[in-house]
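One structure is given here, and the rest of the page talks about it.
First the proteins, then the strands, lettered A, B, ... as listed; each starts at 1. The model shown is predicted, which means the values in this text are computed figures rather than measured ones.
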Amino acid sequence: MQDYLLPLNEQQREAVLYTEGALMIVAGAGSGKTKVLTTRIGHLINNGVDSFRILALTFTNKAAKEMKERIEHMLGNSEARNLYIGTFHSVFSRILRVEAERLGYPNNFTIYDTDDAKSVLKNIIKEQNLDEKIYKVAYVFNRISASKNNLYTYKEYQADHAAQQEDARSNRPLIGQLFEAYSKRCFKNGAMDFDDLLVNMYILLTNFPEVLAKYQHKFRYVMIDEYQDTNLAQYHIIKLLGAVHENICVVGDDAQSIYSFRGASMENIFQFQKDYDDVKIIKLEQNYRSSKTILDAANQVITNNKNQIKKELWTDKAAGEKIKLVGTFTDNDEGKFVADAIIEHKLRNHYKNKDFAILYRTNAQSRAFEESLRRLNINYKIFGGLSFYQRKEVKDYVAYLRILVNTQDEESLRRIINYPARGIGTTTINKISFEAQTQNKTFWEILLEAQSIGFKGATLTAIQDFVLMIRNVQGMLEKKNAYEIAFEIGKVSGIVKDLHADKTVEGLARYENLQELQNSIKEYTETPTEDGEVVERSLGAYLQQITLLTDANENEEDGDTVKLMTIHASKGLEFPCVFVVGLEENIFPSSMSMYDREDLEEERRLFYVAITRAKEKVWISFASNRYRFGSLIQNEPSRFIDELPTQLVDANLSSKPKKQNPFAGPSKPASPSSADKTIQQKKVFSSASTTHVASANFKEDDTSGLEVGMQVEHQRFGFGNVTSLEGAIANKIATIDFGTMGEKKIMLNYAKLRIVRG
DNA sequence: TGCGCAGGTGTTTTT
DNA sequence: CACCTGCGCA
């Protein structure tokens with residue numbers, strides 16, 4: 001047996017060796033999925049399959065990169081470089097770049113990210129004089145995007161009864177019309193948005209049989225990672241590409257399907273089994289990542305979902321530590337708690353920063369953790385959020401670069417035609433745009449004939465100077481490399497100078513970002529041609545790939561930093577210690593996804609994903625008060641907390657301030673003398689003072705047995721009567737009437753209360 | 001044309 | 001809170 005098969009278990013080995021025909025690998029969390037995929041590809045190459053004929057599609061650049069590196073390592077040569085491994089979007093854009101002209105696009109078509117696309121759409125909504133309050137860009141864009149992911153063109157959308165009805169119902173009957181205008185505008189701009197990369201790939205394969213044949217023949221083996229996250233467009237493309245050889249291997253886990261908002265459908269898993277005569281199904285059920293406690297908790301949580309494929313994930317690892325549950329008063333306290341816990345565990349167990357991850361539901365939650373980590377000098381890195389390429393100054397620079405290779409791109413032109421300010425204002429821009437639309441010419445073409453359009457004086461000169469500047473740099477495209485061109489346009493456009501002049505801290509950072517962009521182009525330009533393959537290092541090729549890149553420096557992740565990211569972004573990763581934070585109703589599950597079974601189950605799968613990232617330790621935390629939109633809001637602890645098996649959860653809090661164990665039984669109540677009680681009561685209730693001075697005999701009591709009607713003392717609020725109790729085991733909240741101090745909701749986990757009378 | 005200010009509005013999740 | 005938009009003014 002080849003030695004690379006030795007470390008595999010029976011099912012893994014079977015999956016590697018089953019190379020011909022349709023194969024579906026149902027791979028539970030941490031079951032060695034990537035190992036199987038990479039070994040499988042390595043095995044194919046080892047057995048004489050030409051690496052150029054293997055296609056592997058992933059969802060993230062990171063996953064693609066990791067697979068490529070692992071295969072390279074396994075083979076010990078550079079064969080892996082020839083593999084087609086990448087995200088759906090990047091592989092398709094690479095193919096579309098070659099075939100673009102068949103579809104009427106320029107080869108140097110621009111790829112619009114979501115911000116660009118929304119900006120185009122917004123202009124169209126304005127042009128059509130629609131009410132932007134009703135036709136909200138985000139809403140309209142989502143409708144269009146969802147349609148495209150289901151392979152609906154605007155024509156089909158307009159003809160679709162259900163879609164029309166839905167839009168009529170939501171009082172937005174003109175979305176079909178906007179869809180049409182948007183599609184036509186993007187086409188005119190020589191641009192594709194993310195969804196177009198899929199749609200156009202599909203159109204290419206269905207409308208051009210010779211192209212279909214070419215790629216069907218080329219890719220003898222097709223592998224799809226994270227198959228549960230594919231949408232309808234992706235499903236059909238996969239099916240088309242694999243139809244000749246039918247050597248299709250998909251790997252997925254229904255329990256980790258968390259992208260339905262992007263059109264992903266678990267239905268594709270079931271459909272796959274029907275599409276081929278003889279589908280082999282292999283289940284990988286042994287988890288090699290997490291402790292038994294962690295795995296059992298995750299398994300238990302997921303049983304609350306109705307829709308799932310039966311599978312039993314097990315481990316032979318030891319139970320390990322219990323999951324730690326922590327409730328704090330505010331989101332800032334939650335941040336402090338996590339930072340403290342990291343310090344403590346680093347000291348106690350020799351963990352490093354990089355052994356910790358903080359996972360949250362929404363990007364906005366990162367703030368409190370950033371602050372607390374910074375305060376304790378813990379190095380961290382945030383993934384996601386605003387990426388390098390989404391920054392304004394970088395987008396401006398990129399817009400210039402885009403115009404150099406694709407003058408059709410109106411969106412980019414609009415962006416930079418008056419930045420830095422050169423006297424071409426909104427009035428002028430609107431006029432140019434209007435002329436472009438009515439004469440059915442591109443924005444750029446109108447600029448070229450500015451004089452005959454009727455522009456005069458300073459405006460005309462400004463336009464002509466702008467055109468001349470762009471053309472001059474364009475003239476260098478053949479002679480100079482991408483970096484030299486980028487440097488030149490940065491200089492002559494004045495953007496580099498403009499930011500250099502800004503001496504504020506932010507201005508300096510922006511200037512540095514421009515330099516970093518230049519460096520990245522330089523690096524790209526200078527990367528040597530890979531052996532065997534002719535690699536294009538043009539500006540056009542550079543631009544194409546960066547829009548699909550999530551972040552500028554994904555590769556320098558190995559620093560010793562605590563990782564902060566959304567749970568979505570954490571999929572596929574693993575860490576020794578994981579903090580899953582913000583476990584509150586309305587946050588997690590999100591308020592957007594609580595009122596529908598399917599949505600809620602997806603939130604639960606998300607929770608499952610979060611827990612199963614951890615190898616050794618899991619903390620779960622929630623805050624009862626949190627800043628949102630500037631004001632403090634209160635949330636109940638998440639229902640998911642109650643779904644954790646209590647015997648696997650430790651609610652003992654190791655951090656200060658010392659808190660009660662909500663799972664602990666009743667305790668010895670303190671019994672103050674009745675004399676004390678009367679005096680203190682009088683004092684508090686007759687005083688208008690806002691600060692209460694705690695009684696001399698103040699002593700924190702166990703409040704787990706607190707009941708309505710009891711009288712208590714709070715250090716700051718004074719004496720009060722318990723009027724109601726709510727909340728789950730982990731987090732009881734008492735409403736207490738403190739008389740002049742008003743009625744307060746008090747979290748018993750946190751607050752120090754003395755029971756005055758039971 | 002550009003800037004400053006008031007007012008409104010938004011937060012899932014991502015290629 | 002933080003960002004964006006629209007408006008009024010110089």
Seminar exercise, completed: Separation of dT14(B) atom C1' from K118(A) atom NZ, nearest Å, is 11 Å
Exercise. Cation-pi between R94(A) and Y84(A): NZ/CZ under 6.0 Å from ring centre and within 45° of the ring axis?
Worked result: yes
Exercise. When you check every protein heavy atom under 4.0 Å of nucleotides 1-11 of chain B, what one-letter string (B, S, -) results, 5' to 3'?
Worked result: SS------SBB
Problem set entry | Atom-to-atom span, CG of D115(A) to C1' of dT15(B) - whole angstrom | 13 Å
For this session: May I ask you to verify whether the side chain of T114(A) and the base of dT15(B) hold a donor-acceptor pair under 3.5 Å?
Result: yes
Seminar exercise, completed: Contact check, residues 251-267 of chain A vs DNA chain B, heavy-atom distance under 4.0 Å, returns Y259(A), F261(A), R262(A)
Exercise. Under the 6.0 Å and 45° cation-pi test, does K571(A) pair with F59(A)?
Worked result: no
Exercise. In whole angstrom, what separates L198(A)'s CG from dT14(B)'s P?
Worked result: 17 Å
For this session: For residues Y139(A) and F141(A), establish whether the separation of their ring centroids is below 6.0 Å.
Result: no
Exercise. Roughly, in whole Å, what's the span from CG in L197(A) to P in dT14(B)?
Worked result: 19 Å
Problem set entry | K62(A) NZ/CZ over F383(A) ring centroid, <6.0 Å and within 45° of normal | yes
For this session: Give the rounded distance in Å between these two atoms: CG of N142(A) and C1' of dT12(B).
Result: 11 Å
For this session: Please find out if less than 6.0 Å separates the ring center of F356(A) from that of F575(A).
Result: no
Exercise. Would you say the side chains of S119(A) and R415(A) form a donor-acceptor pair under 3.5 Å?
Worked result: no
For this session: Tell me what S593(A) touches on the nucleic acid: a base, only sugar-phosphate, or nothing, going by heavy atoms under 4.0 Å.
Result: base
Exercise. Between Y105(A) and F187(A), how do the two ring planes meet: parallel, tilted or perpendicular, split at 30° and 60°?
Worked result: perpendicular
Exercise. Tell me, which pairs form a salt bridge (Lys or Arg N to Asp or Glu O under 4.0 Å) where one or both residues lie in residues 584-595 of chain A, sequence neighbours left out?
Worked result: E584(A)-R626(A), E585(A)-R639(A)
Exercise. What does F59(A) touch in the nucleic acid at a heavy-atom separation under 4.0 angstrom: a base, only the sugar-phosphate, or nothing?
Worked result: sugar-phosphate
Problem set entry | Between P of dC1(C) and CZ of R626(A), the distance in whole Å | 17 Å
Exercise. Rounding to a whole Å, what distance do you find between N200(A):CG and dT15(B):P?
Worked result: 20 Å
Exercise. Taking Y112(A) as the fixed residue, which of T547(A), D196(A), N189(A) is the one that meets the side chain to side chain contact (heavy atoms under 4.5 Å, CB included) rule?
Worked result: N189(A)
Problem set entry | Rounded distance in Å - CG (N332(A)) to C1' (dC1(C)) | 13 Å
Exercise. Closer than 4.0 Å, any side-chain N/O of K122(A) to the OP1 or OP2 of dT5(C)?
Worked result: yes
